[in-house]
*Asks:* 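Structure provided below as structure tokens; questions to follow.
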Protein chains: 2
Amino acid sequence: MPATPTVDLDSLTPGARRILDTASTLFYEQGIHAVGVDTIAAESGVTKRTLYDRFGSKDALVAAYLQSRDRRWRSMIATRLDEGGADPVSRVLVPFDVLPLWLDECARGCSFINAFGELHDADHPGRDVIVEEKTWLLDHFRTTLTHAGIAEPEPLAVQLLSLHEGAIVAYSIAGAAGAAEAAHAAARSLVELALVGQGTR
Amino acid sequence: MPATPTVDLDSLTPGARRILDTASTLFYEQGIHAVGVDTIAAESGVTKRTLYDRFGSKDALVAAYLQSRDRRWRSMIATRLDEGGADPVSRVLVPFDVLPLWLDECARGCSFINAFGELHDADHPGRDVIVEEKTWLLDHFRTTLTHAGIAEPEPLAVQLLSLHEGAIVAYSIAGAAGAAEAAHAAARSLVELALVGQGTR
DNA sequence: CCCTAAGTACACAGATCTGTGAATGCAAGG
DNA sequence: CCTTGCATTCACAGATCTGTGTACTTAGGG
């Protein structure tokens, strides 16, 4: 049951802020099930009572963790989309511009992918956040590719999504240092190839 | 400490076989920390004592789970490499031939990536298996690309690894049905592009 | 015939987990 | 002044976790 009343990330009390920050670090570095609420409370310098008063449950805290991370990532992309030029191909590739920066926080892999592996219950309030993060990126590619003049963007959008997600895996697990740049270059090649293969422009 | 004496997957007692099978299903579907040894034992129709007599610890069972999965996946690739023709580019792309089949078992994502997110302890006996699975694939691409006549295979190998891993993510989380085929096509394009861009043959 | 390997039965230790109840302190704002 | 929001303190319930100790059964092979 999604009866969990979602927390408003914009109006967090100081204590709640600290709880969320600590939980984010611990969940990401150690895994969600591996971190207990006692640890989170202690590490935040807060009592367990406060944690439950602010967030209601561990599951809701997990959802808030994912939401805040999703929000930060999207804002990085939104910023570049706003300030960036109007060149349609560049707009498609904005997530790959952000990727090197994002990878700095991804030594332990992608938080959403990791959480997906842990949250098997389809009703868990965090599941939606995870799926939406990925579908949002897929949508971004679809939309911007269309604007760039790609008639059938679907397969290419999936390819770009795969490159993007896989780069995080290649970097964090296989230790491929240049994964972000490699993925960026590949993405550009594929887009240009599609444009050429489709007629002139 | 890696004091865990690894289990020999080839000489498992009937009970141990059932334990490993059940554990594999449960670990993959629900996550490693979410499944207790009591559940595994009960579901295997075996006592907890037997589980510990055969595997020694949960961590060792986890490692065995990853090893057996790694082994099955590699054998799928090895088979096609053996029987397949000698066309060097086809050999590079064999993992992408296997991918659609492999994705049938990947509704909950990649077991290695998921396990990586859960096993934060660098000393965990499963960590090596995970890292080796990914580096082995990267190595495969590097080697076969070299045989295909690519002078500097490194960036391309990373791109192919990213495509491969990302396709699992795109399929399992974003619900991209044609992810395997899309990744395969992209991989082929990138390889051919590299061959062309490098001079004639 | 007896030894060994495989497994059962079952209790239990000790830790850790999520979550709650009830009373209290304290500061800011109406 | 008094309410309201935030947080503390602390005890505790009840479940679940990994792992062990001990004694018994059963089947196959030398």
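Predicted model only: the values in this text are computed from it and were never measured.
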*Asks:* With Watson-Crick and G-U wobble geometry limited to distances under 3.5 Å, how should the secondary structure of DNA chain C be encoded in dot-bracket form, using | for bases paired to another strand and [ ] for crossing pairs?
*Replies:* ||||||||||||||||||||||||||||||

*Asks:* Please report the distance, rounded to the nearest Å, between CZ in A:R49 and C1' in C:dA22.
*Replies:*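 Taking CZ of A:R49 and C1' of C:dA22, I get 9 Å after rounding.
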
*Asks:* Look at the rings of B:F96 and B:H164 and say which category their plane angle falls in: under 30° parallel, 30 to 60° tilted, over 60° perpendicular.
*Replies:*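 Taking B:H164 first and then B:F96, their aromatic rings stand perpendicular (interplane angle over 60°).
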
*Asks:* Is A:D139 salt-bridged to A:R142, going by a charged N under 4.0 Å from an acidic O?
*Replies:*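 Looking at A:R142 together with A:D139, the answer is yes, because their closest N to O distance falls below 4.0 Å.
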
*Asks:* Is there a donor-acceptor contact under 3.5 Å linking the side chains of A:T25 and A:T22?
*Replies:*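 Their side chains do not contain a donor-acceptor pair, so the 3.5 Å distance test is not met.
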
*Asks:* When you compare the side chains of B:T146 and B:T143, does any donor N or O come within less than 3.5 Å of an acceptor on the partner?
*Replies:*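 Looking only at side-chain atoms, B:T143 and B:T146 do not form any donor-acceptor pair under 3.5 Å.
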
*Asks:* Give the rounded distance in Å between these two atoms: CG of B:D38 and P of C:dA11.
*Replies:*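 Rounding to the nearest Å, CG of B:D38 and P of C:dA11 are 14 Å apart.
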
*Asks:* Record whether the side chain of B:K58 comes under 3.5 Å of the base of D:dG19 through a donor-acceptor pair of N or O atoms.
*Replies:*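 Check fails, no donor-acceptor contact within cut-off.
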
*Asks:* Starting from P on D:dT9, measure out to CG on A:L51 and report it in whole angstrom.
*Replies:*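 Checked: the CG to P distance equals 15 Å.
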
*Asks:* Using only side-chain N and O atoms of A:T47, determine if any of them is under 4.0 Å from OP1 or OP2 of D:dT8.
*Replies:*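 Answer is yes, contact under 4.0 Å.
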
*Asks:* Want to settle it: does A:K48 or A:D53 sit nearer the 5' end of DNA chain D, counting the closest nucleotide to each?
*Replies:*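 Taking each residue's closest nucleotide, the earlier one in sequence belongs to A:D53.
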
*Asks:* Could you please name the option among D:dT20, C:dT18, C:dT8 that lies closest to any side-chain atom of A:V37?
*Replies:*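 Closest nucleotide to the A:V37 side chain: C:dT18.
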
*Asks:* Side-chain N or O of A:S57 versus OP1/OP2 of C:dG19: is the shortest distance under 4.0 Å?
*Replies:*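 Checking A:S57 against C:dG19: no side-chain N or O falls below 4.0 Å of OP1 or OP2.
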
*Asks:* So does B:A151 get a backbone contact from the side chain of B:Q198, meaning a donor-acceptor N/O pair under 3.5 Å?
*Replies:*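 Looks like yes, one N/O pair under 3.5 Å.
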
*Asks:* With a cut-off of 6.0 Å (strictly less than), are more than 12 heavy atoms of other residues, nucleotides or ligands near CD of A:E105?
*Replies:*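 Atom CD in A:E105 is packed in, count exceeds 12.
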
*Asks:* Tell me: CG of B:L12 to P of C:dA5, nearest whole Å?
*Replies:*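 Computing the B:L12:CG to C:dA5:P distance gives 17 Å.
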
*Asks:* Can you check whether A:R54 has a side-chain N or O nearer than 4.0 Å to OP1 or OP2 of D:dG5?
*Replies:*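 For A:R54, the contact criterion (side-chain N or O under 4.0 Å from OP1 or OP2 of D:dG5) is not met.
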
*Asks:* For B:V46 and for A:G56, find the nucleotide of DNA chain C with the closest heavy atom, then tell me which residue's nucleotide is more 5'.
*Replies:*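 Of the two residues, B:V46 wins.
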
*Asks:* Find the distance B:I19:CD1 to C:dT8:P and express it as a whole number of Å.
*Replies:*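 To the nearest whole Å, that distance equals 8 Å.
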
*Asks:* Taking atom C1' of D:dA7 as reference, at what distance in whole Å does atom CZ of A:R17 sit?
*Replies:*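 The answer, rounded to whole Å, is 18 Å.
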
*Asks:* Is any side-chain N or O of A:T13 closer than 4.0 Å to OP1 or OP2 of D:dA7?
*Replies:*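 For D:dA7, OP1/OP2 do have a side-chain N/O of A:T13 under 4.0 Å.
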
*Asks:* Which of these nucleotides, D:dG19, D:dT8, D:dC6, is closest to any side-chain atom of B:Y52?
*Replies:*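 Between D:dG19, D:dT8, D:dC6, the one nearest the side chain of B:Y52 would be D:dG19.
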
*Asks:* I want to check a possible cation-pi pair here: B:R69 against B:Y28, using under 6.0 Å from ring centre and within 45° of the ring axis as the test.
*Replies:*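 Yes, a cation-pi geometry.
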
